[in-house]
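One structure below.
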Number of protein chains: 2
Amino acid sequence: MTQAGTNRATMEPAELGLRERKKQRTRRALRIAAIRLVAERGLDGVSVDDIAAAAEVSTRTFFNYFPTKDEAIVGLDPEDIREITEAVSSRPADESPLEALRAVMLQRAALVAPEQADLWPLRLSIIRRHPHLMAANAASWSSYEHALAETVGRRCGLDPARDPYPAVLVAAVLAVVRTLSVRWQEFPGAPLVEVLGQAFDSLARGLPPP
Amino acid sequence: MTQAGTNRATMEPAELGLRERKKQRTRRALRIAAIRLVAERGLDGVSVDDIAAAAEVSTRTFFNYFPTKDEAIVGLDPEDIREITEAVSSRPADESPLEALRAVMLQRAALVAPEQADLWPLRLSIIRRHPHLMAANAASWSSYEHALAETVGRRCGLDPARDPYPAVLVAAVLAVVRTLSVRWQEFPGAPLVEVLGQAFDSLARGLPPP
DNA sequence: AAAATTCTTGCAGAGACTGAATAAATGCAG
DNA sequence: CTGCATTTATTCAGTCTCTGCAAGAATTTT
């Protein structure tokens, strides 16, 4: 690697043009402003104008980045989607689809903890306070679900358009991950990775009564 | 507001007062108008004003019944929620939670077909055309998820606040049902009940690769 | 440096949604 | 049936979200 200097927590590939970097930065600024402000004042206590002002852009620009106020809070970056599908398709081929998803999701959950120690809990607490955002969350994952189902289908040689298995698997797994993430914020007993691991075990055993 | 709880799950319209019956009727009129119009002209081609006009009530009244345009289309009636949780809790006690949910959901899916032959397919086609409505759908089920998790917890003697099993089970099952309902509209191969049955089998066996 | 591309911004406007006041309908005595 | 209390519907005014458009500023390319 030609990377001698260690970048901060934010890894910004210097290979991108200035324009692209600025875009990433405003996007991030808007998201952070949205999450911070809403966590503080509640969803109705913050207008898009406030968010845009806090990020030092015009209100119109906000809507160039996010189609909705909700998406600024719970939306996934397209980059994340790409990373996850890539991670799934590059798991060893002898793993079952469920095992592959398990590995990727656990790895992901483990990454979340240290990286954005601020933002992630804030997001979850907001979702807990405004349940309809859980749905907006699910909405932003829906395109992603499609992509993931495609990837899973490719792993086991199934056409997701013909065989429902990939769609069912992905839907179940993501629903469980979402549910437990929010719950975990509420009842922080064991670390999230552990809770998720047990849930995947339960899934793999057919959700038997404990 | 002193509503004596109706012990039966069967519909007893005669016992309700005039006021209550009128409310049910406007609610239903609004929902039907919303679904019909949106199925015809698309979500953006229909305003709440249009819907209210079609149902012959004022615009403001629409919002007395539904908090959102989306909810008028995909929202569940509180009554449905009550029926479902009741059905689950009155399943034989020796069934596993997953089996109980399976039975109730299949029974439900079988009912849907003949009853509202018009509305149900329209709803699904709308959801397929406007993916974000799938999320709104999930949102309207979220309060319901809580209630169902509670019921499941009671069945197997678990406190849903302490043990994640009920929440996980319900989340997975509902996600699968939602996903397959929409898919089924898209690829109407086998009857929905059959497709759902196979998915429940798959779930019970730990989602093994086919 | 000029041209081409892309991003930001302000503006005007449609539509979603809310609170409050008023009118109408319904339920319930007497 | 008549008056009174409660619930529901409507009107009205207003805020906020979100979109299209056109002009201006920044970045990239030639």
Side-chain angles (χ1 to χ4, degrees), chain A residues 12-31 33-34 37-38 41-75 78 130-133 135-136 139-140, chain B residues 1-4 13-31 33-34 37-38 41-75 78 126 130-133 135-136 139-140:
Chain A
E12 277 187 30
E15 312 301 340
L16 294 174
L18 171 58
R19 191 170 262 163
E20 201 59 28
R21 261 179 296 158
K22 275 198 171 177
K23 265 173 66 179
Q24 303 272 6
R25 232 184 301 160
T26 32
R27 187 183 188 82
R28 183 171 177 76
L30 281 170
R31 168 153 286 154
L37 287 178
V38 171
R41 299 188 226 157
L43 195 57
D44 306 342
V46 178
S47 67
V48 173
D49 287 23
D50 297 334
I51 298 172
E56 311 204 71
V57 293
S58 75
T59 304
R60 188 61 181 84
T61 294
F62 174 93
F63 289 106
N64 288 340
Y65 281 87
F66 301 98
T68 289
K69 185 163 79 162
D70 295 353
E71 285 266 328
I73 297 167
V74 299
H130 305 274
H132 90 268
L133 283 183
S140 87
Chain B
M1 195 165 121
T2 58
Q3 278 282 40
E15 307 299 340
L16 293 174
L18 172 58
R19 196 169 254 166
E20 201 61 28
R21 263 179 295 157
K22 276 202 168 178
K23 263 172 67 177
Q24 302 272 6
R25 232 185 303 157
T26 30
R27 187 185 187 81
R28 183 172 178 74
L30 282 169
R31 168 154 286 155
L37 288 177
V38 171
R41 300 188 226 158
L43 196 58
D44 305 342
V46 179
S47 67
V48 172
D49 287 22
D50 297 334
I51 298 172
E56 312 204 69
V57 292
S58 74
T59 304
R60 187 61 178 87
T61 294
F62 174 93
F63 289 107
N64 287 340
Y65 282 87
F66 301 99
T68 288
K69 185 164 76 161
D70 295 353
E71 285 265 329
I73 299 167
V74 299
I126 292 173
H130 305 274
H132 90 268
L133 283 183
S140 87

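Reckoned from all heavy atoms, side chains included, excluding hydrogens, waters and symmetry mates. Chain letters run A, B, ... following the sequence lines, proteins first, then strands; residues in each count from 1.
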Nearest-nucleotide pick for A:N64, side chain only, options being C:dT8, C:dC17, D:dA9: C:dT8
Sugar-phosphate, base or nothing in reach of B:T59, heavy atoms under 4.0 Å: nothing
Whole-Å gap separating C1' (D:dA26) and CZ (A:R21): 14 Å
Qualifying residues under side chain to side chain donor-acceptor pair (under 3.5 Å), relative to A:H130, sequence neighbours excluded: none
Contacts of B:A139 that satisfy side chain to side chain contact (heavy atoms under 4.5 Å, CB included) - sequence neighbours left out: A:A135
Flag side-chain contact, heavy atom, 4.5 Å: B:K22 against B:L18: yes
Touch class at under 4.0 angstrom, heavy-atom based, for B:Y65 against every strand present: sugar-phosphate
Nearest-angstrom distance from the residue atom CZ of A:F62 to P of C:dG10: 16 Å
Integer-rounded Å distance: C:dA14 P and A:F63 CZ: 17 Å
Any donor-acceptor pair under 3.5 Å from B:R31 side chain to B:E71 backbone: yes
Under 4.0 Å protein heavy-atom contact, by nucleotide of nucleotides 23-30 of chain C - B base, S sugar-phosphate only: --BBS---
Length of the line joining A:R60:CZ and D:dT17:C1', which is rounded to integer Å: 12 Å
Exam field: side chain B:S58 to backbone B:T61, donor-acceptor pair closer than 3.5 Å: yes
Phosphate OP1/OP2 of C:dG15 contacted by B:K69 side-chain N/O (<4.0 Å): no
Separation of C:dA16 P from B:H132 NE2 (nearest whole Å): 12 Å
Contact residues, residues 41-51 of chain A to DNA chain D [heavy atom, < 4.0 Å]: A:V46, A:S47, A:V48
All pairs passing salt bridge (charged side-chain N to carboxylate O under 4.0 Å, His left out) where residues 43-65 of chain B contributes a residue, at least two apart: B:R41-B:D50
Min side-chain heavy-atom separation B:D70-B:H132 under 4.5 Å: yes
Whole-Å gap separating P (D:dT19) and CZ (A:F66): 14 Å
ring-ring contact (aromatic ring centres under 6.0 Å, His included) partners of residues 45-73 of chain B, not counting sequence neighbours, each pair once: B:F62-B:F66
Whole angstrom value for the distance that separates P of C:dC7 from CZ of A:R25: 15 Å
Heavy-atom donor-acceptor pair, B:K69 side chain to B:L43 backbone, under 3.5 Å: yes
C:dT8 phosphate, OP1 or OP2, under 4.0 Å from A:T61 side-chain N/O: no
